[in-house]
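Working notes for the structure below.
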Amino acid sequence: MSTLYALSDIHLSYAPNRAAWTLLRPHPNDGLILAGDMGETISHMRLAFEAATSSFARVWWVPGNHELYSMPPSSTTKPADALRGEAKYNACVDIAREYGVLTPEDDFVVWQGDDGKETLVCPIFTLYDYSFRPTHVTRDGALAWAMEEGIEATDEHLLHPDPYATRDEWCQALCLRFEAKLTAARQAHPQIPFVIVNHWPLKEALVHLMMVPRFRIWCGTKLTEDWPQRFGASVVVTGHLHVRRTDWIDGVRYEEVSLGYPRQWKDCRESGKDVNDMMREILPGPQKPESGNAATMWRRYG
């Protein structure tokens, strides 16, 4: 049976995660979505894609914030690792294409299950614009609001928006571009459900960060709030939060598919699970609840 799986935030800069990634089992008839944060360097990208494409028939990738980092020169980095903003993203896309991995820059492709049902897999890239914040907090005050609780994303130092002046501007340009691409895809495929893949959540309500709630400003944009319904998504696949969960909202299934840093899935490893167990089945996936809505399922063990 052909199955479409997803995993994100494998963070291959960490040795335990690199070791785990070598244990991928063969899935010669299946597909794998990599929903961002493979690592920070071109070498991490190659490690991710080499194993994934050796194990799966088809692989998709979208960028997370870590792939976009401009890494300082060191004995373990390459010149491409220091590229800034859009140039770093384009370098990652070029590496993906070397391995035949589909990216947001490629045409959306139809996935057909063994039952003959077709779904259009739509990898996109939106970034964030600091709009996931309380109404009393202004954009200009967002960083200070987070810093009141000692929270500052590494993005503020390593994720550059070049050639845009700000990350907000880059996010807005990306949203315009992928909104148009999704619109064209819906017109071309009026009857086919979509699986929309993005590193960052498309809905603010799905950002639940109990330990660092003010980190939410780096977690998406309100510009995408209505995209799942407007574009006829059956499933939305995201990562970034390192909080594995499944939600059903108005008939759409939302899957957060992070692996996370080694400490964040240590309990899973100690229980005998490996990276294969942490992959989430996207298609065919679970049965939709009759009402189209269900309580959040927190998937601590995958």
Side-chain angles (χ1 to χ4, degrees), residues 1-12 14 16-39 44-64 67 92-93 95-104 106-123 192-199 234-239 244-246 253-260 262 265 268-269 271-287 297 299-302:
M1 181 176 183
S2 296
T3 303
L4 180 61
Y5 295 95
L7 192 66
S8 73
D9 298 81
I10 62 175
H11 292 289
L12 294 176
Y14 290 83
N17 284 14
R18 288 197 301 275
W21 195 237
T22 66
L23 302 178
L24 271 183
R25 291 194 290 267
H27 290 260
N29 300 313
D30 299 332
L32 178 63
I33 292 166
L34 296 172
D37 278 7
M38 304 298 96
H44 296 150
M45 301 293 290
R46 291 191 181 279
L47 283 172
F49 296 151
E50 178 69 33
T53 56
S54 296
S55 300
F56 287 84
R58 174 157 281 171
V59 178
W60 289 261
W61 165 82
V62 297
E67 284 96 339
C92 291
V93 169
I95 298 300
R97 287 175 168 169
E98 284 185 28
Y99 289 88
V101 173
L102 296 172
T103 79
D106 297 303
D107 292 338
F108 297 154
V109 171
V110 171
W111 173 264
Q112 187 173 55
D114 289 343
D115 57 3
K117 291 182 179 178
E118 294 185 335
T119 305
L120 194 69
V121 181
C122 306
I192 298 180
F194 287 5
V195 171
I196 299 178
V197 183
N198 190 48
H199 181 66
S234 59
V235 190
V236 175
V237 178
T238 60
R244 291 178 291 278
R245 60 187 287 178
T246 299
R253 176 161 48 99
Y254 295 83
E255 298 281 10
E256 207 282 0
V257 298
S258 297
L259 180 65
W265 67 292
C268 302
R269 298 196 307 277
S271 72
K273 294 181 180 292
D274 65 17
V275 72
N276 297 280
D277 302 302
M278 304 305 291
M279 294 188 300
R280 180 63 173 167
E281 181 183 309
I282 304 303
L283 296 175
Q287 185 72 28
M297 180 173 73
R299 304 191 329 272
R300 180 178 178 182
Y301 291 96

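Values below: all heavy atoms of this structure, side chains included; hydrogens, waters and symmetry mates excluded. As the structure is a computational prediction, the values presented were derived from the model and not from experiment.
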Over all atoms of both residues, closest heavy-atom pair of [X] and [Y]:
| X | Y | value |
| --- | --- | --- |
| Ser258 | Asp9 | OG-OD1, 3.2 Å |
| Asn17 | Pro262 | OD1-CG, 3.5 Å |
| Glu281 | Thr3 | CG-CG2, 3.6 Å |
| Val237 | Ala6 | CG1-CB, 3.8 Å |
| Trp265 | Lys273 | CZ3-O, 4.5 Å |

side-chain contact (heavy atoms from CB on, under 4.5 Å), that's the test. Do Trp21 and Val275 meet it? Break it down for me.
CA-CA 7 Å; Trp21 195 237; Val275 72; 3.9 Å; yes

Take Val197 and Trp60 through the side-chain contact (heavy atoms from CB on, under 4.5 Å) test and state the conclusion after the steps.
CA-CA 9 Å; Val197 183; Trp60 289 261; 6.0 Å; no

Between Thr246 and Glu255, is any side-chain donor less than 3.5 angstrom from a side-chain acceptor?
yes

Establish, from distance only, whether the side-chain atoms of Ser2 and Asp114 form a donor-acceptor pair under 3.5 Å.
yes

Compare all side-chain heavy atoms of [X] with those of [Y] and state whether any distance is below 4.5 angstrom.
| X | Y | answer |
| --- | --- | --- |
| His27 | Leu32 | no |
| Pro284 | Lys117 | no |
| Trp111 | Leu283 | yes |
| Pro26 | Phe56 | no |

Return the [atom1] to [atom2] distance between [X] and [Y], rounded to the nearest 0.5 Å.
| X | Y | atom1 | atom2 | result |
| --- | --- | --- | --- | --- |
| Cys122 | Asn198 | SG | CG | 11.5 Å |
| Asp37 | Leu259 | CG | CG | 11.0 Å |
| Arg253 | Ile282 | CZ | CD1 | 6.0 Å |
| Arg280 | Arg244 | CZ | CZ | 11.0 Å |
| Asp274 | Leu24 | CG | CG | 8.5 Å |
| Arg25 | Asn276 | CZ | CG | 4.0 Å |

Exam field: side chain [X] to backbone [Y], donor-acceptor pair closer than 3.5 Å:
| X | Y | answer |
| --- | --- | --- |
| Ser54 | Ala51 | no |
| Ser234 | Phe194 | yes |
| Glu67 | Met38 | yes |
| Arg58 | Leu4 | no |
| Arg245 | Met297 | no |
| His199 | Ala35 | yes |

Check whether more than 12 heavy atoms from other residues, nucleotides or ligands sit under 6.0 Å from atom CG of Asp107, and answer yes or no.
no

Residue set satisfying ring-ring contact (aromatic ring centres under 6.0 Å, His included) with His44, at least two apart, ordered chain then number -> none

Please enumerate all residues that pass ring-ring contact (aromatic ring centres under 6.0 Å, His included) together with Tyr14, with sequence neighbours excluded.
Tyr261

Which pairs of donor and acceptor atoms, one on a side chain in residues 96-104, lie under 3.5 Å apart (sequence neighbours left out)?
| from | atom 1 | to | atom 2 | distance (Å) |
| --- | --- | --- | --- | --- |
| Arg97 | NE | Asp106 | OD1 | 3.2 |
| Arg97 | NH2 | Glu105 | O | 3.3 |
| Arg97 | NH2 | Asp106 | OD1 | 3.0 |
| Glu98 | OE1 | Arg46 | NH1 | 2.9 |
| Glu98 | OE1 | Arg46 | NH2 | 3.2 |
| Glu98 | OE2 | Arg46 | NH2 | 3.3 |
| Tyr99 | OH | Arg46 | NH1 | 3.4 |
| Thr103 | OG1 | Glu105 | N | 3.0 |
| Thr103 | OG1 | Asp106 | OD2 | 3.1 |

Please evaluate residues Val109 and Val121 with respect to the criterion side-chain contact (heavy atoms from CB on, under 4.5 Å), reporting the C-alpha separation (whole Å), side-chain torsions for both, the decisive distance (0.1 Å), and the verdict.
CA-CA 6 Å; Val109 171; Val121 181; 5.7 Å; no

